[in-house]
Amino acid sequence: MLDPKLLRAQPETVAAQLARRGFVFDLSRFQELEARRKTLQTETEKLQAERNAGSKRIGQAKGRGEDVSPILADMDRIKAQVAANEQALNALQTEFEDFALGLPNVPHASVPDGKDEHDNVEQRRWGTPRSAAGAKDHADLGEALGLMDFAAAAKLTGARFVVLRGQLARLQRALIQFMLDVHTREHGYQELYVPYIVNAASLRGTGQLPKFGEDLFALKTEQDWRLIPTAEVPVTNLLREEIQAAEALPLKWVAHTPCFRAEAGAAGKDTKGMIRQHQFEKVELVQATLPERSHQAHEELTAHAEAILQKLELPYRVITLCTGDMGFSSAKTYDIEVWLPSQDRYREISSCSNFEDFQARRMLARYRHPETKKPELLHTLNGSGLAVGRTLVAILENYQDEGGAIAVPAALQPYLGGLERIAK
RNA sequence: GGAGAGAUGGCCGAGUGGACGAAGGCGCUCCCCUGCUAAGGGAGUAUAGGGUCAAAAGCCUUAUCGCGGGUUCGAAUCCCGCUCUCUCCGCCA
């Protein structure tokens, strides 16, 4: 959520910044809502103050044993007015809130302007991509090995699921262990285990609701629970309605969870293989920092995700998403894309974002300022470190030989009991 | 799933219809005293909004005692529903 004070004081500036990302801010609607709100709220609060003062007088008069019926008569009128006004104000505030919750974050000044993914800006490349010539894709490789089974998953559930067997299932487990170990031992993150089902308040906090509910799997329970689309939701919401000590910052958390996405609107996209699934494993990095530190933390967090690819010796590049391609809640996003020989291009394997205070304001996630002693909004960040399923895909494709066997990256061999090759 | 108890500020804890945004204590901040330390004295110390203001301060004001509703001129306090926590029983990986 954007700062309502800023919204009120400089709506034109906000509109111009949102226009950078192609979002049309309805200025006249905002100003009309705001004008009504101001009148109604002022009037309502005046009535409430009148009522409070009247009640107080009744109490005092009764204490002195005086007759209170004249005051009481007056209170009847105020009571009815207050009730009517409060109702109208509530409705208006709900309308205003819905409007405000529908506004995306303002892009950071350093984010390049652009319309879509074609305008993203490459920052750097690492490693040497192998040629696409003769490279099989991961689905063909996995099925040929007899260790990756989409038909079985389709029978169990439907499209966009997979069954892994034997050394491939173990390879995925090894990847999770490996990533968690690197981030906890070398990058200073605390490992967390969290619920895979969250309530609506949590999803609102990180920005999935109210706008993107169709991407989520909802449970048919009374509680309005959803499966998490990413560990970002439960992990970041640990901060919700909490005040951190400044000395405790930055908070750095890592969690492995499965992720569940409805992939509504993705029909026909990446239909083959493990690239886009309804259920996939991910190791997620989350940080909460002082506002003035968040952009440096963003660089560090991205480097932490990159370190995994370097240790696995997988070629990748880092791009800055342009204003038009960024996610709803993000102020700035780096995507890390890994080389996939079968597709002869780089594909997203991690997305690292700085949300600044956008999520924190929704969640009321704060820290106590050491000098003013007042609670201030902190900044939140997160990034995949990495998407495990896509890392598995990248290993199969980059480490294949002509016969369809897969070499195990050196860094992973200790996690597979020294296994060097996965072959038929 | 059954029975019972509870939820109050950074923490502990009092408060069962009116001067309560909330006693008291702890903690924290500032000041005084004390040649260090310890002890003592005083003052301050919840959050989110709105209005006024160029802005800040200040001032005025609203809401908040787990959440939502109700009764009442007036609710931390009474009533209803819900959530969560604890204890006991049952069940269970």
Side-chain angles (χ1 to χ4, degrees), chain A residues 1-13 30-31 33-101 193-205 219 221-226 234 237-249 357-378:
Chain A
M1 191 154 59
L2 300 175
D3 184 357
K5 284 200 181 102
L6 184 73
L7 219 49
R8 276 191 265 269
Q10 309 174 33
E12 292 89 355
T13 311
F30 171 78
Q31 281 166 336
L33 273 176
E34 173 58 11
R36 270 164 59 207
R37 191 222 97 236
K38 190 165 165 174
T39 315
L40 190 57
Q41 181 164 353
T42 312
E43 193 186 322
T44 306
E45 290 188 358
K46 220 174 102 191
L47 283 165
Q48 287 171 324
E50 243 183 278
R51 179 199 60 194
N52 291 348
S55 294
K56 201 164 250 184
R57 271 188 292 133
I58 292 173
Q60 287 165 343
K62 274 193 169 172
R64 292 190 297 265
E66 295 167 10
D67 175 27
V68 295
S69 49
I71 318 180
L72 235 41
D74 205 33
M75 294 300 283
D76 268 350
R77 175 187 57 83
I78 296 172
K79 191 189 177 186
Q81 280 181 8
V82 166
N85 270 48
E86 279 178 348
Q87 205 175 5
L89 184 61
N90 269 339
L92 189 60
Q93 273 170 343
T94 304
E95 198 178 340
F96 195 94
E97 197 169 289
D98 288 347
F99 179 84
L101 285 175
Y193 170 78
V194 292
Y196 302 159
I197 297 172
V198 292
N199 58 33
S202 294
L203 290 158
R204 204 174 307 115
L219 270 57
T221 52
E222 271 179 48
Q223 292 97 335
D224 196 17
W225 285 348
R226 323 286 168 106
N237 272 280
L238 289 170
L239 302 161
R240 174 150 55 86
E241 290 157 55
E242 300 285 345
I243 301 173
Q244 308 299 323
E247 311 82 69
L249 302 174
D357 62 13
F358 188 86
Q359 293 181 328
R361 185 169 295 106
R362 289 175 161 235
M363 287 192 286
L364 225 55
R366 296 166 297 171
Y367 71 100
R368 199 168 290 281
H369 191 100
E371 270 144 48
T372 65
K373 308 288 178 201
K374 290 283 178 195
E376 307 276 358
L377 294 174
L378 37 79

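In what follows, every heavy atom counts, from backbone to side chain, and hydrogens, waters and symmetry copies are set aside. Convention: sequence-line order gives letters A, B, ...; per-chain numbering from 1.
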Under a 3.5 Å cut-off for both contacts, is [N] paired Watson-Crick or G-U wobble with anything, and if yes, with which nucleotide?
{"N": "B:C67", "value": "B:G81"}
{"N": "B:G1", "value": "B:C89"}
{"N": "B:G21", "value": "none"}
{"N": "B:G58", "value": "B:U52"}
{"N": "B:C26", "value": "B:G10"}
{"N": "B:C33", "value": "none"}

Mind calculating the distance between CD (A:Glu241) and P (B:G10) to the nearest angstrom?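 Interatomic distance, CD of A:Glu241 to P of B:G10: 13 Å.
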**Asked** A:His369 has an atom NE2; how far is it from atom P of B:U47, in whole Å?
**Response**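 Value for this atom pair: 14 Å.
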When you measure from the side chain of [X], which nucleotide among [options] comes out closest?
{"X": "A:Arg37", "options": "B:G51, B:G49, B:A63", "answer": "B:G51"}
{"X": "A:Lys79", "options": "B:G51, B:U62, B:C73", "answer": "B:C73"}
{"X": "A:Glu45", "options": "B:G51, B:U61, B:C73", "answer": "B:U61"}
{"X": "A:Ser55", "options": "B:G18, B:U52, B:U47", "answer": "B:G18"}

Closest approach of A:Leu377 to A:Ala360 (non-hydrogen atoms, all atoms of both residues):
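It is CD2-O, 3.7 Å.
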_Shortest non-hydrogen contact between A:Gly205 and A:Met363, atoms and distance_ =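 The pair with the smallest heavy-atom distance is CA-CG, 3.4 Å.
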Using atom [atom1] of each nucleotide, how far apart are [N] and [M] to the nearest Å?
{"N": "B:G6", "M": "B:U77", "atom1": "C1'", "answer": "16 Å"}
{"N": "B:C92", "M": "B:C78", "atom1": "C1'", "answer": "41 Å"}
{"N": "B:U34", "M": "B:C28", "atom1": "P", "answer": "23 Å"}
{"N": "B:G66", "M": "B:A14", "atom1": "P", "answer": "14 Å"}
{"N": "B:C79", "M": "B:U16", "atom1": "P", "answer": "14 Å"}
{"N": "B:C65", "M": "B:U47", "atom1": "C1'", "answer": "12 Å"}
{"N": "B:G9", "M": "B:A23", "atom1": "P", "answer": "13 Å"}
{"N": "B:U37", "M": "B:G24", "atom1": "P", "answer": "29 Å"}

Can you check whether [X] has a side-chain N or O nearer than 4.0 Å to OP1 or OP2 of [N]?
{"X": "A:Lys62", "N": "B:A19", "result": "no"}
{"X": "A:Arg51", "N": "B:A63", "result": "yes"}
{"X": "A:Asn52", "N": "B:G74", "result": "no"}

Checking all strands, does A:Pro375 fall into the base, sugar-phosphate, or nothing category for heavy-atom contacts under 4.0 angstrom?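 Sugar-phosphate: the residue A:Pro375, judged by heavy atoms under 4.0 Å, touches backbone atoms but no base.
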- Task: Mind checking A:Arg366 for me? I need base, sugar-phosphate or nothing, with any heavy atom below 4.0 Å counting as a touch.
- Result: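 Sugar-phosphate, no base atom in range.
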Would the base of B:G51 count as contacting A:Glu43 through its side chain, where contact means a donor and an acceptor less than 3.5 Å apart?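 Donor-acceptor pair under 3.5 Å: no.
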Hey, which sits more toward the 5' end of RNA chain B by its nearest nucleotide, A:Asn90 or A:Arg368?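 Whichever sits nearer the 5' end wins; that is A:Arg368.
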If you assign each of A:Glu86 and A:Met75 to its closest nucleotide in RNA chain B, which residue comes earlier from the 5' end?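 That would be A:Glu86.
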Note to self: Are A:Thr44 and A:Gln41 packed together at the side-chain level, in the sense that at least one heavy-atom pair is separated by less than 4.5 angstrom?
What the structure shows: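 When only atoms from C-beta onward are counted, A:Gln41 and A:Thr44 do not touch, as no gap falls below 4.5 Å.
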Could you tell me if the side chain of A:Glu97 sits less than 4.5 Å from the side chain of A:Leu101, heavy atoms only?
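In contact.
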* To do: List the steps and the verdict of side-chain contact (heavy atoms from CB on, under 4.5 Å) for A:Glu50 and A:Arg77.
  => CA-CA 11 Å; A:Glu50 243 183 278; A:Arg77 175 187 57 83; 3.9 Å; yes
Would A:Ser202 and A:Asn199 count as having a side-chain donor-acceptor pair, cut-off 3.5 Å?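 The criterion, which ignores hydrogens and geometry beyond distance, is satisfied for A:Asn199 and A:Ser202.
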- Message: Check this for me, if you would: do A:Lys46 and A:Glu43 make a salt bridge, where the nitrogen-to-carboxylate-oxygen distance has to be below 4.0 angstrom?
- Response: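 Salt bridge flag = no for A:Glu43 with A:Lys46.
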